[in-house]
Each structure stands twice: as C-alpha cells, then as structure tokens.
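For reference, the structure is listed below as structure tokens.
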Amino acid sequence: MKITEQTFSSYIFSNYPNDTTHFSQKGHEQVVYFQDETTGLQAIVGIYDTTLGPAVGGLRFFEYQDEREALKDVLRLSRGMTYKAAIAGLDFGGGKAVIMKKKGTTLTEALLRKYGAFIERLGGYYITAPDYNTTMEHMVDIAKSTRHVIGLPVALGGSGDPSEHTAYGVYIAMKASAKQVFGTDNLTGKKIGIAGIGKVGYSLAQLLCQEQAIVYVADICAKRLKAVTDSCKVEVVAAEHLHSWPLDIYAPCALGATLNNTTIPTLSCAAVVGSANNQLADQDRDGKLLLQRGIVYVPDFLANAGGLINAVTELEPSAHHSVKQRIEQLYTICLDVLAKVVNSPRPAQEIAQEMAIARIQSIKNAQVGR
Ligand code: NAD
C-alpha cells in the first residue's frame with residue numbers, strides 16, 4: 001500500500017487527532033507502510049528528498065510503543081539522512097525504514113525476504129542498509145528479494161562493516177575542530193575522551209593512539225573496555241564522569257541525546273565531535289547551549305558521514321578506491337561550518353542543515369530552470 005503525503009497526513013489526522021507532531025515535520029516526498037500477515041512484518045519507509053539521487057538510509061528493528069512512535073522515528077531519521085548525504089557531497093537523497101518489532105520476535109529470513117520484496121516495489125527510489133538492530137547478515141537475506149540494498153559483506157561484493165570508515169570521518173572532523181580551536185590539527189598530546197568503545201569508538205581510539213593523543217575511554221561493557229585497554233594506551237574513566245572530565249575534545253560514540261541541559265553545563269572540553277546519532281536531546285535548545293558555552297560542535301550527521309560515504313560505493317563501484325579521500329573532504333566541510341558559526345553566531349547544527357538544504361535547493365532551482 002502506498003500512501004502519499006496527503007493521504008498519509010489524513011491517516012495520521014484520523015488516527016491521532018490530538019497529535020500535531022507529525023505535521024511540524026512536513027516535507028517528506030513519500031511515506032510507505034508495508035504489512036504482511038504471514039510473517040508478521042510491519043514496516044514503514046520514509047523518503048524525505050530524492051533531488052540529489054535515490055534515498056539511502058538504514059533499516060531499524062525496534063519495539064516501538066505504537067505506530068505513531070515508529071512513524072515519528074521514520075520521519076525524523078529520513079530527514080537526517082537527507083542532510084547527511086547532501087552535506088557530505090553525495091549524490092543521494094535520504095530515507096529510513098523501520099520494522100516494528102513485536103515482543104519476543106526476531107528477524108526471520110522469511111520476514112526479511114518479504115521486506116526486500118516490498119523495497120523492490122519502490123523501484124530503487126529507496127535503498128535499504130543496516131542500522132540499529134540490523135546487520136550485514138540481515139541485508140544478505142533482504143538481497144534475496146531486492147537489488148536495492150547495501151551494507152553487504154565484502155565476501156559478497158559489498159562494502160562491509162562501515163564502522164572503521166565512520167571512525168575515520170570522526171577523526172578527520174576532530175582534526176578540523178582542533179584546527180579551529182587550537183590553530184593546528186595535530187592531535188598529539190590532546191586530551192580526548194571517547195564515550196562508548198563499541199565498533200566506532202574502538203577504531204577511533206586506535207587512530208588517536210597512533211597520533212599519540214591522550215585518550216580517555218568510558219563504556220558500560222567491561223568486555224569492550226578490556227578489548228581497548230589490551231590493544232592501545234588509554235585510560236578508563238567511569239561512564240558517568242567522562243563528559244565532565246577535563247578534555248580538549250569529547251566524543252560521544254554511544255547513545256543519542258547525551259548532550260542536554262543537564263550535561264552541557266558540566267562539559268569541560270573545547271570541542272565535541274562524535275559518532276552517535278542525534279547527540280543533542282533538543283536540537284534548538286542544546287545547540288544554543290553549546291554555543292553559549294563557547295564549545296565548538298561538529299554536527300553529528302557531518303562527523304559520522306564516513307560510514308555512508310563508504311557504503312554508497314556499492315552503488316558506484318568506481319568510487320571505491322577514493323573512499324579515503326572522500327572522507328578526508330569532510331575536513332574542509334567541517335571548517336566551513338565552523339567558520340560560519342564564528343561569523344554569524346548560530347548553532348553549528350543549524351548552519352550545517354542550511355548548507356545541506358542549500359545544496360538540494362540549488363539542484364531543485366536548476367531543474368525548474370531547465
Ligand atoms: P556499538 O553498539 O558497537 O557501540 C556502542 C557502545 O556504547 C557499546 O560498547 C556500548 O556498551 C556503549 N554504551 C552504551 N551505553 C553507554 C553509556 N551510557 N556510556 C558509555 N558507553 C555506553 O555501536 P557503534 O556502531 O560503535 O555506533 C556508535 C554510535 O555511532 C551509535 O550511536 C550509532 O548509531 C552511531 N553511528 C554508527 C555508525 C557505524 O558505522 N557503526 C555510523 C553512523 C552512526
């Protein structure tokens with residue numbers, strides 16, 4: 001079943017007459033709802049904008065409270081993906097998909113094949129990829145019924161786990177923030193705290209240790225901490241203390257919403273640059289709070305674009321050899337954002353979004369002018 005923006009809006013309106021949250025996020029090109037009784041699949045795909053190219057974005061598998069919460073997530077995340085692709089200079093639009101998890105269920109092959117068949121129906125308008133609770137192995141099952149999937153294992157011609165590339169992008173963004181704050185992008189001797197030593201945090205720690213930064217790490221998982229302390233010289237700090245530790249750069253690499261009106265006043269760093277998605281609990285309020293505190297912030301969707309830059313090479317294999325250089329281009333983009341923050345003091349997130357929108361709009365204008 002395809003739902004246009006208009007029918008989608010009336011669907012929401014009739015089901016949730018007192019909730020106007022969705023309407024404030026208008027502008028999506030298409031929202032599609034899929035369900036299949038046999039496998040229990042219930043999925044929503046949101047396509048925010050395809051001006052620059054087909055929409056790319058991950059598939060989440062999550063136990064939402066209700067459909068409304070799932071819809072909200074799809075609408076919010078697909079918009080974020082659009083900005084990420086646009087600001088990173090990629091010729092792709094932004095989309096996102098969720099499969100609504102029911103208590104005690106897992107992603108079976110049958111369900112993933114069915115999801116793939118639905119994605120195939122979109123004709124390449126949306127290209128699916130791994131995200132929260134979905135893996136390369138899940139993409140392999142999805143690929144049995146659609147061509148429009150990326151994030152496959154290298155052994156199957158895919159681009160593999162993006163985490164290393166994401167970490168490299170965060171590292172490059174950190175260098176740009178250091179250039180802005182300290183006048184040099186050399187991270188040797190800089191005190192850098194990484195909150196969350198998972199796939200991205202671990203690779204980031206390796207890069208920073210190679211450059212002889214002084215690295216502090218925090219995680220709630222002892223196994224993850226052991227893995228990193230076994231392989232490089234880092235100091236472990238309790239997870240609840242790292243954000244207020246005296247640092248040059250703080251890197252949130254675990255969960256979203258950790259920068260908020262409780263944590264920001266306690267930050268003791270010059271810059272925040274990390275991989276976690278949606279780091280600001282409240283974009284407007286917390287972007288301004290960081291600005292007021294004089295803390296340089298590289299927006300999350302820019303700092304963590306390295307993984308996407310790598311993943312889309314599955315769609316343009318000739319770009320595969322230039323992934324590293326493409327990620328390194330994030331340096332100039334970050335400097336551009338940070339310079340604009342200095343020249344017209346507004347939150348970095350807001351400026352980066354405007355730059356992404358301006359790129360999309362310039363193509364839209366050219367299309368109109370044809
Ligand atoms: P991951 O699950 O491998 O690692 C997350 C780590 O955070 C885990 O080790 C976990 O134990 C730890 N953690 C959870 N709660 C914590 C807390 N309160 N304090 C400290 N540590 C905590 O995930 P990842 O792939 O490394 O991704 C990290 C973040 O970056 C996520 O927000 C993810 O959405 C985002 N991101 C990842 C990629 C990628 O390529 N993997 C790309 C873009 C964005």
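Read the numbers this way: they start at 1 and go in the same order the structure lists the ligands and their atoms.
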Under 4.0 Å between heavy atoms, the region of Ala239 that gets near ligand 1 turns out to be side chain
Contact region, Arg224 to ligand 1, non-hydrogen atoms below 4.0 Å, reads side chain
If you have a sec, work out which protein heavy atom is nearest [atom] and how many Å separate them, to one decimal?
atom	answer
atom 14 (C) of ligand 1	Ile220 CD1, 3.7 Å
atom 28 (C) of ligand 1	Cys253 O, 3.2 Å
atom 35 (C) of ligand 1	Ser275 O, 3.3 Å
atom 7 (O) of ligand 1	Ala254 CB, 3.4 Å
atom 34 (O) of ligand 1	Asn277 ND2, 3.1 Å
atom 4 (O) of ligand 1	Gly198 CA, 3.2 Å
atom 41 (N) of ligand 1	Ser163 OG, 3.2 Å
atom 3 (O) of ligand 1	Lys199 N, 3.0 Å

Distance under 6.0 Å and angle within 45° of the ring axis: does Lys191 meet both against Tyr216? no
- Query: Relative to Phe118, does Lys114 satisfy both conditions: NZ or CZ under 6.0 angstrom from the six-membered ring centre, and within 45 degrees of the ring's axis?
  - Reply: yes
Pair Lys102 + Glu63, salt bridge at N-O below 4.0 Å
no
* NZ/NE/NH1/NH2 to OD/OE distance under 4.0 Å, Asp131 and Lys96 -> yes
Heavy-atom contacts with [X] under 4.0 Å: which atoms of ligand 1 show up? List them by number with element.
X	value
Leu255	15 (N)
Gly196	7 (O), 21 (N)
Pro162	40 (O)

Hey, does [X] come in under 3.5 Å of ligand 1, counting only N/O atoms on both sides?
X	answer
Thr166	yes
Lys84	no
Val200	yes

Without hydrogens or angle criteria, can the side chains of Tyr115 and Thr146 be said to hold a donor-acceptor pair below 3.5 Å? no
Asn365-Ser362 side chain donor-acceptor pair, cut-off 3.5 Å: no
Partner of Asp49 under salt bridge (Lys or Arg N to Asp or Glu O under 4.0 Å), picked from Lys364, Lys84, Arg359, is Lys364
Note, His148 side chain near Tyr126 side chain (heavy atom, < 4.5 Å): no
Looking only at non-hydrogen atoms, the one of Leu225, Asn278, Val228, Asp219 nearest atom 21 (N) of ligand 1 is Asp219
The side-chain hydrogen bond (donor to acceptor under 3.5 Å, both in side chains) partners of Glu354 (sequence neighbours excluded) come to Arg346
* Is Leu90 reachable from Ile127 through a run of hydrophobic residues whose side-chain heavy atoms are each under 4.5 Å from the next? -> yes
inquiry  = Between ligand 1 and Cys221, can you find any atom pair, the residue atom being a heavy atom, that is separated by under 4.0 Å?
reply    = yes
CG of Leu247 to CG of Leu242, rounded to nearest 0.5 Å, is 5.5 Å
